[in-house]
Number of protein chains: 2
Amino acid sequence: MKKYNIPVEAALEVIGGKWKVVILCHLIKGKKRTSELKRLMPGITQKMLTQQLRELEEDNVILREVYNQVPPKVEYSLTDYGWSLKQILDLLCHWGEQHIEKTFDNPEDMVVQINEE
Amino acid sequence: MKKYNIPVEAALEVIGGKWKVVILCHLIKGKKRTSELKRLMPGITQKMLTQQLRELEEDNVILREVYNQVPPKVEYSLTDYGWSLKQILDLLCHWGEQHIEKTFDNPEDMVVQINEE
DNA sequence: CATATAGGGTACTTTTAGGTAACTATGGAA
DNA sequence: TTCCATAGTTACCTAAAAGTACCCTATATG
């Protein structure tokens, strides 16, 4: 049984890692299909996306809904437990925006906009 | 010049990684010497500790104060900019505690208490 | 019959993170 | 004189994370 030296480690085990917070920030804006997530995260590979989604699902943070059709359709959304992270995610997003503004000369150049529709 | 697909990535670049949030959570409780941090984080090696502290310092999140004495004394504390993360860190800690309580049968067994004094 | 589709799985390789151990400085104590 | 303490640095090596390339399914379309 794994032990923590400080409780925040338990939170990091769930939302730590390179992609999980980003995935959750997208899901906060609504249910998303796998292909939408891939489009929103051009840097992620299929393998990593699936892997991170599986782990989030295992931690009961997101819900995976499989539609029985061909070609497949799978939708991901936050669970109630996932929604308990909303404030943290919102603050992180906001802090990130401020950090970009504070740190870079041309903040608007730092974010590659991806159409949400 | 590195670009982000979503601003939260900028936040993750600063506080992402295995140790940074943990370090910051300790520093929220006050200025700490290197040896204190090592004691509070039994799992971290000297090398990783120094490395993470350097990166946090470079991002202007923590302050490194070197006392000119032998044996050396170095103290780390949050900068004003570091304090702007306080709410996020507090929420993460709190979420971690809740997560432990929710997830494990004997939550109190999950945290190896380390004396703060 | 060939092909595209969406959402995967998997074996293999590369890259990165992290660990280990040895080394540094300096002044005071044993 | 030798050792200890603190806070490092560095070279080297291993382990973990991530990338690449390929495979699968089952239906619809041309």
Side-chain angles (χ1 to χ4, degrees), chain A residues 2-6 9 12-24 26-27 30-59 62-77 114-115 117, chain B residues 2-6 9 12-24 26-27 30-59 62-77 114-115 117:
Chain A
K2 217 222 137 159
K3 307 230 179 183
Y4 308 111
N5 294 301
I6 188 174
E9 289 177 6
L12 296 176
E13 212 165 74
V14 176
I15 62 163
K18 199 174 164 184
W19 298 106
K20 289 183 181 174
V21 166
V22 176
I23 292 172
L24 295 174
H26 286 303
L27 291 184
K31 195 176 282 198
K32 294 268 184 295
R33 293 185 61 168
T34 312
S35 51
E36 290 181 275
L37 287 172
K38 263 197 285 194
R39 192 173 47 74
L40 292 167
M41 298 182 281
I44 201 170
T45 59
Q46 166 76 53
K47 180 190 147 193
M48 284 309 297
L49 179 58
T50 305
Q51 184 180 305
Q52 302 292 295
L53 288 168
R54 288 293 179 285
E55 292 177 13
L56 288 169
E57 194 191 359
E58 212 158 309
D59 285 321
I62 66 171
L63 178 70
R64 179 167 183 260
E65 288 174 286
V66 184
Y67 293 75
N68 192 17
Q69 62 186 49
V70 171
K73 175 178 175 182
V74 178
E75 284 182 334
Y76 294 94
S77 55
I114 290 164
N115 190 353
E117 303 313 310
Chain B
K2 217 221 139 162
K3 307 231 179 183
Y4 308 112
N5 293 301
I6 188 174
E9 289 177 5
L12 296 176
E13 212 165 74
V14 176
I15 62 164
K18 198 174 165 184
W19 297 107
K20 288 182 183 177
V21 166
V22 175
I23 291 172
L24 295 175
H26 286 304
L27 291 184
K31 195 176 281 198
K32 295 268 183 294
R33 293 186 62 170
T34 311
S35 52
E36 291 181 273
L37 288 172
K38 263 196 285 194
R39 192 172 48 75
L40 292 167
M41 297 183 281
I44 201 170
T45 59
Q46 166 77 54
K47 179 189 145 191
M48 283 309 296
L49 179 58
T50 306
Q51 185 181 306
Q52 303 293 296
L53 289 168
R54 288 292 180 285
E55 292 178 12
L56 288 169
E57 193 191 358
E58 213 158 310
D59 284 321
I62 65 171
L63 178 70
R64 180 170 182 258
E65 288 173 286
V66 184
Y67 293 73
N68 191 19
Q69 63 187 50
V70 171
K73 175 178 174 180
V74 177
E75 283 182 336
Y76 294 94
S77 55
I114 290 164
N115 190 353
E117 303 313 312

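Computed from a predicted model, the values in this text were never measured in an experiment. By convention in this document, chain letters (A, B, ...) are assigned in the order of the sequence lines, proteins followed by strands, and residues within each chain are numbered from 1.
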To the side chain of B:Met48, which of C:dT5, C:dG8, C:dG19 is closest?
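Taking heavy atoms from C-beta onward, the closest nucleotide is C:dG19.
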
Ignoring the backbone of A:Thr34, work out which of C:dT26, C:dG9, C:dG7 is nearest its side chain.
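In terms of side-chain proximity for A:Thr34, the closest of C:dT26, C:dG9, C:dG7 is C:dG7.
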
SB check A:Glu55 A:Lys20 (cutoff 4.0 Å):
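A salt bridge is present here (some side-chain N lies under 4.0 Å from a carboxylate O).
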
Flag the pair B:Glu65 and B:Lys73 as a salt bridge only when some basic side-chain nitrogen lies within less than 4.0 angstrom of an acidic carboxylate oxygen.
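No, this pair does not count.
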
Can you check the [X] [atom1] to [N] [atom2] distance for me, whole Å?
X	N	atom1	atom2	value
A:Lys73	C:dG8	NZ	P	14 Å
A:Leu49	C:dG8	CG	C1'	10 Å
A:Arg64	C:dA6	CZ	P	16 Å
B:Lys47	C:dT24	NZ	C1'	17 Å
A:Leu53	C:dG8	CG	P	7 Å
B:Glu55	C:dG18	CD	C1'	12 Å
A:Leu37	C:dG7	CG	P	9 Å
A:Gln46	C:dT10	CD	C1'	12 Å

If we only count heavy atoms from C-beta on, is the [X] to [Y] side-chain gap below 4.5 Å?
X	Y	answer
A:Arg54	A:Gln51	no
B:Lys32	B:Leu40	yes
B:Lys31	B:Tyr76	no

Residue mapping more 5' on DNA chain D - nearest nucleotide basis, A:Val70 or B:Val70
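Checking each residue's closest nucleotide, the 5'-ward one belongs to B:Val70.
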
Closer to the 5' end of DNA chain D via nearest nucleotide, is it A:Ile44 or A:Pro72?
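Here A:Ile44 is the residue nearer the 5' end.
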
Students should find this one: the first and last nucleotides of DNA chain D, 5' to 3', lying under 4.0 Å from a heavy atom of chain A. What are they?
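Contact boundaries, 5' end first: D:dA18 to D:dT27.
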
Please say which of B:Ile15, B:Leu56, B:Ile62 ends up in a side chain to side chain contact (heavy atoms under 4.5 Å, CB included) with B:Ile23.
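Only match with B:Ile23 under side chain to side chain contact (heavy atoms under 4.5 Å, CB included): B:Leu56.
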
B:Gln69 CD: over 12 foreign heavy atoms closer than 6.0 Å
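More than 12 heavy atoms, drawn from other residues, nucleotides or ligands, come within 6.0 Å of this atom.
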
Phosphate contact (C:dG8 OP1 or OP2) by A:Tyr76 side-chain N/O below 4.0 Å
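Indeed, a polar side-chain atom of A:Tyr76 lies that close.
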
For C:dG7, does either OP1 or OP2 sit under 4.0 Å from a side-chain N or O belonging to A:Arg33?
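Yes, within the criterion.
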
